[in-house]
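This report refers to the structure that appears directly beneath it.
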2 protein chains.
Amino acid sequence: MLDRAVSDSAGRVPVTGYDVARAAGVSQSTVSRALRGDVRVVGRTREHVLRVARELGYVVNVSARTLITRRSATIAIVSGDLRNPSYPALVQSLQEQFHARDHRVLLMSDHDEGSGRFEEDLEGLRGGLVDGVVYLSARTDSSAVAELVEAGLPLVVLNRDVDGALGRRVDRVISDNVEGGRLLARHLHACGARRIAVVAGPADNPSLRRRARGFAAELRRLGVPLDPALVRRGTVTPAFGLQAALQLLDVPAARRPDAVFGQTDYIALGVLDAAGRLGLRVPQDLQVVGYNDLDWAGWSMIDLTTVRQPLAEMARAAADALFARMADPAAPPLLRNFAVELVVRGSTRS
Amino acid sequence: MLDRAVSDSAGRVPVTGYDVARAAGVSQSTVSRALRGDVRVVGRTREHVLRVARELGYVVNVSARTLITRRSATIAIVSGDLRNPSYPALVQSLQEQFHARDHRVLLMSDHDEGSGRFEEDLEGLRGGLVDGVVYLSARTDSSAVAELVEAGLPLVVLNRDVDGALGRRVDRVISDNVEGGRLLARHLHACGARRIAVVAGPADNPSLRRRARGFAAELRRLGVPLDPALVRRGTVTPAFGLQAALQLLDVPAARRPDAVFGQTDYIALGVLDAAGRLGLRVPQDLQVVGYNDLDWAGWSMIDLTTVRQPLAEMARAAADALFARMADPAAPPLLRNFAVELVVRGSTRS
DNA sequence: CTGTTAGCGCTTTCAC
DNA sequence: GTGAAAGCGCTAACAG
């Protein structure tokens, strides 16, 4: 009886299938079969093997299994900074979806844009680390996505529009940002807003751009075209929303906007803050709308009119799409565009 | 020349080190060395190998490497539901810490408590899937932690007190909840509060329990002991905070509390909401304090007095502790207890 | 410096 | 129904 003394980084001596086989008096392949519930193993043998395995504290080695089956049962989620409140709900929903399908989730963050570290990580993804990728970061640079698709890795882009030729080749699960923008424009107009300002996020974010397009187009159609002088562009943060709104609103009443569209709830929050600081009552003196219907948009102290995307269903659809892609790499690219919903609250006159 | 036609689930034909070796006219082990930057490979050879590897699109197979090195360069983070705002910031910080140390992050959620699925997942962790675990869920049941430690897996518990014998055997990075409770009690008392209510979370959460202990002890010391009739216990949600506060506050003014301690900001939010609905002015008619200093506690519409934990430093300490544990499994258990800080805002009279 | 060789622990033919 | 044997792709001795 060989005395195996190999230990891993934690100093543990791993129990292998051979150890179980020896203790159970069967062959290692029978252990493997028994543990995977192979029908060919007769009941008595199987139960015996399982008991011995449990007694020895045997756990199957994931790497060895992955190496031979070529399936890691792991999905990568490439997310933006979780402190940005757009991401956690989506990541959690995805995690639940994949968990329910017996897959693990590797969390990747792209925060180090341009540093080269991210590109390095992507390489890992191609090394059999994961069976598929859900990409939900708003990273402006699509080359990462392109590279992964090129490498043949199943990939679904979630909640992020993709421009150009790539957009037509990759699976996408998105919501109707153009319509969302239209809904807000129509609502604000119906509430009497006529001098409307926009606090926008980065120009290279395709989702925000579509949102803006729908918003502007609808206002034009309604006869109150957007005044370019009332558009501010910056980051998706309350801080920028505050700063931009202070600029826009701290002017003589006659020239002051009567409504502000914050392109995300996070921005709109800063706008609400600015209104408070300037003593403007919402919605009497100023109407405010956001986008996303984050958790806190419904809290009574915020009470923000906004647009809701069906995040949970989108996560489910993304998981479905990814598994479909894994099952059939040659299938035509899929596009699911979910309808959005206007959520009217106290920040507009309704 | 053998024509290899094995393909993985995505239909890709993987390029192996042997393919590179053949194309470069060297041995496979030289390829391995060159790619890992082994000093023994001469410059000329190395560059040649690297170029060929790049041309062929070679990526090292992670499973094979893990199988032999017994290090997956992956850390598991066991988190609670990311929609609970306590978690995202911590998860993100940890992700950054491990990323900076060239480790990946496997995200595990414990949401399915008691379903058996979670236990199943833990088994995976023992199968060489990860090199270590950071446990930051508030799951009441510590058996999972115990099991992992028992199995010899390096594990650090972050931001969560652990009771009993286990607590003395496991590495912990926490903050001083007792002191945090004291700080709030002292502050409320100094602000004139005398009839103080508490909206508490689950009784089996050790962190909240310590927080409560410090709070109650300090009030007692100050001569205004907590009235048990003014304590409500429930879930860590604004909804419960609202409901509990409505009960506590919707009474004749003489019997009404003049301050409420929401054991987390998330609860305190519901308390603020209740105050608003009952027409109570904060802080004139009612003072409110929370705990955690979440992102939104500082927004002007919330403006909540609370206690701040140094989350980023705690995440760094947790990563340090975990790597130390991986390096020396026999080291004595570590306990890092971070100081907390009172953040005074507009919800108390200061 | 480079090549040869022996596994890591498992799944999966192929025999019996 | 079970066992023997052949690798999966890589790292790490050990030779030379």
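Scope of the values below: all heavy atoms of this structure, side chains included, with no hydrogens, waters or symmetry mates. First the proteins, then the strands, lettered A, B, ... as listed; each starts at 1. Bear in mind that the values here come from a model prediction, so they are computed numbers and not experimental data.
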Starting at atom [atom1] of [X], determine the distance to atom [atom2] of [N], rounded to an integer number of angstrom.
X       : N       : atom1 : atom2 : result
L67(A)  : dC10(D) : CG    : P     : 9 Å
L35(B)  : dT2(C)  : CG    : P     : 14 Å
Y18(A)  : dT11(C) : OH    : C1'   : 11 Å
R126(B) : dG9(C)  : CZ    : P     : 16 Å
L129(B) : dC10(C) : CG    : C1'   : 15 Å
Y58(A)  : dG9(C)  : OH    : C1'   : 7 Å
E47(B)  : dT2(C)  : CD    : C1'   : 17 Å
R65(A)  : dT12(C) : CZ    : P     : 9 Å

Open item on the list: What I'd like to find out is whether the side chain of M108(A) reaches to under 4.5 Å of the side chain of I77(A), using heavy atoms alone.
Closed with: no
- [ ] Identify which nucleotide among dC8(D), dC10(D), dC10(C) has an atom closest to any side-chain atom of R70(A), counting heavy atoms from C-beta outward.
- [x] dC8(D)
TODO: Report which part of the nucleic acid T45(A) touches: base, sugar-phosphate, or nothing (heavy-atom distance under 4.0 Å, all strands).
DONE: sugar-phosphate
- [ ] Check whether any side-chain N or O of S27(A) sits under 4.0 Å from OP1 or OP2 of dA4(D), and answer yes or no.
- [x] no
Open item on the list: Quick test of your reading of the model: are R83(A) and E96(B) salt-bridged, counting only N-O distances below 4.0 Å?
Closed with: yes
- [ ] Output yes when R22(B) and D19(B) qualify as a salt bridge under the 4.0 Å nitrogen-oxygen rule, no when they do not.
- [x] yes
Identify each atom pair where a protein N or O and an N or O of nucleotides 12-16 of chain D are less than 3.5 Å apart, giving names and distance.
unit_1, atom_1, unit_2, atom_2, d
dA12(D), OP2, R36(B), NH1, 3.4
dA13(D), N6, R33(B), NH2, 2.8

Within the side chain of [X], is there an N or O that forms a donor-acceptor pair under 3.5 Å with the backbone of [Y]?
X       : Y       : answer
D171(B) : P333(B) : no
T74(B)  : S72(B)  : yes
N159(A) : I174(A) : no

Open item on the list: Pick the closest DNA chain D nucleotide for G25(A) and for N61(B) by heavy atoms, then say which residue is nearer the 5' end.
Closed with: G25(A)
Open item on the list: Side chains of R70(A) and T66(A) only: does a donor on one sit below 3.5 Å from an acceptor on the other?
Closed with: no
Task: Side chains of S109(A) and Q92(B), donor plus acceptor under 3.5 Å - done: yes
Task: Residue closer to the 5' end of DNA chain C, A64(A) versus V26(B) (nearest nucleotide) - done: V26(B)
Distance-only check: which donor-acceptor pairs under 3.5 Å involve side-chain atoms of residues 47-61 of chain B, not counting sequence neighbours?
unit_1, atom_1, unit_2, atom_2, d
N61(B), OD1, S63(B), N, 2.8
N61(B), OD1, A64(B), N, 3.0

Open item on the list: Using a 4.0 Å cut-off on heavy atoms, which residues in residues 48-55 of chain A reach DNA chain D? List them by number, or say none.
Closed with: none
